[in-house]
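One structure is given here, and the rest of the page talks about it.
When reading the values below, keep in mind they use all heavy atoms of this one structure, side chains included, and skip hydrogens, waters and symmetry mates. Residue numbering restarts at 1 for every chain, and letters A, B, ... go by the order of the sequence lines.
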Amino acid sequence: MHLAHLSLTNVRTFRKLELDLRPGAHVIAGDNAQGKTNLLESIALLATTRSSRPGPDADLISWDASAEELTPVARLAAEVEARAGEVTLEIAVIGGERPRMDAPLATSRRFRVNGIARRASDLIGQLRVVMFSADDLRIIDGPPANRRRYLDITNAQLDPAYVRASQRYARVLQQRNSLLRRLQERRAKPDELDFWDEELSVAGAVLLAGRARSLQQLGAHAAERYIELTSPEEPLEVCYRPAVPDDVAEAFREHDLAGRFRAALEDGRRDDILRGLTRIGPHRDDVGFLIDGREAAASASRGQQRTAGLALRLAEVALSTERTGEAPVLLLDDILSELDPQRRERVMQAAYGVDQVIITSPDEAHPSQVELPGARRYHLRSGALTLLS
Amino acid sequence: MNSYSDPPSGTASPITRLVEAFHRLPGIGPKSAQRLAYHVLRAPETEAKDLAEALMEVKRSIVLCERCQDLTSESPCRICLDLSRDRTSICVVEEPLDVRAIERTRGHHGLYHVLHGVISPTDGIGPEDLKIQELLARLRDIDTEVSEVIVATNPNLEGEATSMYLGRLLRPLGIRVTRLARGLPAGADLEYADDVTLGRALEFRQEVQ
């Protein structure tokens, strides 16, 4: 699949951008703070509805629009050509009032697919991307929440049922935890938990099974890629650490996964009430990365962690292609300059295996014509793009 | 930028008070509150008087119906007193506005019961905060003829939690508990329906008559 057109209006540094894109490689060069990352972030947002950087949605709306307009709107739109046909995607982030003068604008989002108002879950996965960035090592060395976020974004692009389950899970979990605190204060009866336990286990089972399945594939690919990227060769092992009792984890491939998860929730009610929170479930999952049998987060070097992050992204390209039969769009956010020739070569190989790759670089001469023949090259300055070749 | 908490010189405090009163209303932000307040200020005195009286009137004269808990100016309300209505079925809704919505369908000839909310632990609302005891009292009444309770809560998480709670509570009383079907909106195109709705319509499909 590839992006045929990208349109940004009032998105961060972009007042107005209309960009026609073709299959093949695109290099977007420019100094720092000209909007290179914002451009790739916008594409990733259209694919996943998740922003790759933290902060409120109000930050997506360009500063000019926020200052000048009563109802500022950031509009992102893409035309995607996939094997299944053409599809247009649109996300509008609409600014409202400030709840307080020092608070960010209240915002709401509107989604459209082929011009028709849809939910976020209908948009996710229509465009699939894998974005490589220098922050990828945070998946390896950061807190578990980073790894769960990675798993959610990756799975969401592959399975619409996963998206719906994770939205539902989050809401049910919040309700269940509130009820646990009410129970702690003896302001509710334990049987009020029944509904929330049932809902949590049904949605949670979809998350657990989806994560187990994709991590098995990701782990196998990441191990292969990691070996190719290192010399002397070291083994990388990716292991899922689900936050459920063993008897639930053993049922990952079986139909009664939800039933076992539900039974485990019931068994743990008394302790959950004491703590006022749900102690088991996918919201506490983690993923272990072992290099040479040792925990990468604790004992690997910066270089090894970076390489593991890179291997994971390359594995994600393979997973996405394998699962859907169609390669995702690759977004490389200024990662090539910091790689040595061997690793660059591997990333370039992955880039040749997909229909479209969009690369940002601080330097117009890199990647070079030799490395990337036939690439369309642009220069980006203050949110405006100029075609160079 | 002007802020009502930092009034320009010459603005006295009564207007600040009015702006803040508007701001407390649901869906009104600080800018809208300012606009409303200055509108009232510029409008003829009769308009302000009408508004004030309407506000007081509604608080003075509207009460909850002792039976169905709907808003009414006289208790019991007209629907509860209407002898032509079917006394064997009660439709349970979240809010008074939902009674109006169901009445417009002319599809329900029975009585109503308004819960005034749904179960939502995050908002601190449990079953005891809803008008559920009042519903139980009606069903346990020696003279009751009710054989069916139709739960018409919204088809979202909290509505479903409430409907399941009511089902469990009421079934032991030997009462049939049903809930509204979920599916495609009338006059809709299949291709425009979202996956969840279409999936549910499939799940709850019916025999062609």
Side-chain angles (χ1 to χ4, degrees), chain A residues 66-67 70-71 95-103 105-106 111-125 160-161 163-165 167-189 191-200 203 276, chain B residues 1-7 19-20 22-36 118-130 132 151 153 155-169 172 185 188-200:
Chain A
S66 302
L70 194 60
T71 315
E97 295 196 343
R98 284 174 207 280
R100 296 187 318 276
M101 283 301 161
D102 55 347
L105 292 181
F111 303 94
R112 284 175 186 273
V113 177
N114 291 331
I116 299 163
R118 295 284 194 184
R119 302 170 196 225
S121 58
D122 297 317
L123 182 119
I124 300 170
V163 182
R164 288 195 293 272
Q167 288 170 344
R168 195 155 176 101
Y169 188 87
R171 287 188 61 195
V172 176
L173 181 67
Q174 200 187 14
Q175 291 284 16
R176 188 179 193 268
N177 285 343
S178 298
L179 183 54
L180 289 169
R181 286 190 289 276
R182 285 172 69 83
L183 283 159
Q184 208 176 36
E185 298 158 10
R186 297 179 193 284
R187 287 162 58 209
K189 297 189 196 74
D191 66 357
E192 288 173 40
L193 276 170
D194 292 354
F195 174 81
W196 307 108
D197 283 5
E198 173 68 23
E199 292 294 322
L200 197 73
Chain B
M1 204 179 286
N2 275 346
S3 160
Y4 64 80
S5 54
D6 184 20
V19 170
E20 281 172 351
F22 279 128
H23 189 17
R24 277 193 290 272
L25 299 176
I28 307 286
K31 278 188 192 164
S32 301
Q34 258 176 354
R35 274 196 292 275
L36 289 171
V118 272
I119 294 173
S120 178
T122 33
D123 300 312
I125 300 170
E128 70 284 2
D129 301 306
L130 307 175
I132 291 178
V151 182
T153 51
N156 54 29
L157 200 53
E158 292 75 21
E160 285 169 39
T162 310
S163 111
M164 197 198 83
Y165 183 86
L166 288 175
R168 284 201 179 182
L169 189 71
D189 266 334
L190 279 199
E191 63 166 328
Y192 289 164
D194 66 272
D195 298 351
V196 179
T197 307
L198 195 51
R200 276 183 186 158

Chain B contact via A:L70 - which portion, at a heavy-atom distance below 4.5 Å:
side chain
For A:E199, is it the side chain, the backbone, both, or neither that has a heavy atom closer than 4.5 Å to a heavy atom of chain B?
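Contact with chain B involves the side chain of A:E199 alone.
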Taking all non-hydrogen atoms of both residues, which atom of A:E192 and which atom of B:P127 are closest, and how far apart?
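In terms of heavy atoms, the two residues are closest at OE1-CD, 3.3 Å.
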Would you name the heavy atoms of A:L179 and B:P121 that are closest together and state the gap between them?
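For A:L179 versus B:P121, the nearest heavy atoms are N-CB, 3.5 Å.
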Examine whether an atom of B:I125 lies under 4.5 Å from a heavy atom of chain A, and if so say whether it belongs to the side chain, the backbone or both; otherwise answer neither.
backbone
Non-hydrogen atoms of chain A under 4.5 Å away: do they reach the side chain of B:E128, the backbone, both or neither?
side chain
Hey, is B:R168 close enough to A:D194 for a salt bridge, meaning N to O under 4.0 Å?
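Between A:D194 and B:R168 there is a salt bridge, with a charged N closer than 4.0 Å to a carboxylate O.
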B:L157/A:F195 under side-chain contact (heavy atoms from CB on, under 4.5 Å): CA gap, chis, key distance, verdict:
CA-CA 10 Å; B:L157 200 53; A:F195 174 81; 4.2 Å; yes
Identify, with sequence neighbours excluded, every residue that meets side-chain hydrogen bond (donor to acceptor under 3.5 Å, both in side chains) alongside B:E158.
A:R171, A:Q175
Within residues 113-123 of chain A, residues adjacent to chain B where the heavy-atom gap is under 4.5 Å
A:I116, A:R118, A:R119, A:D122
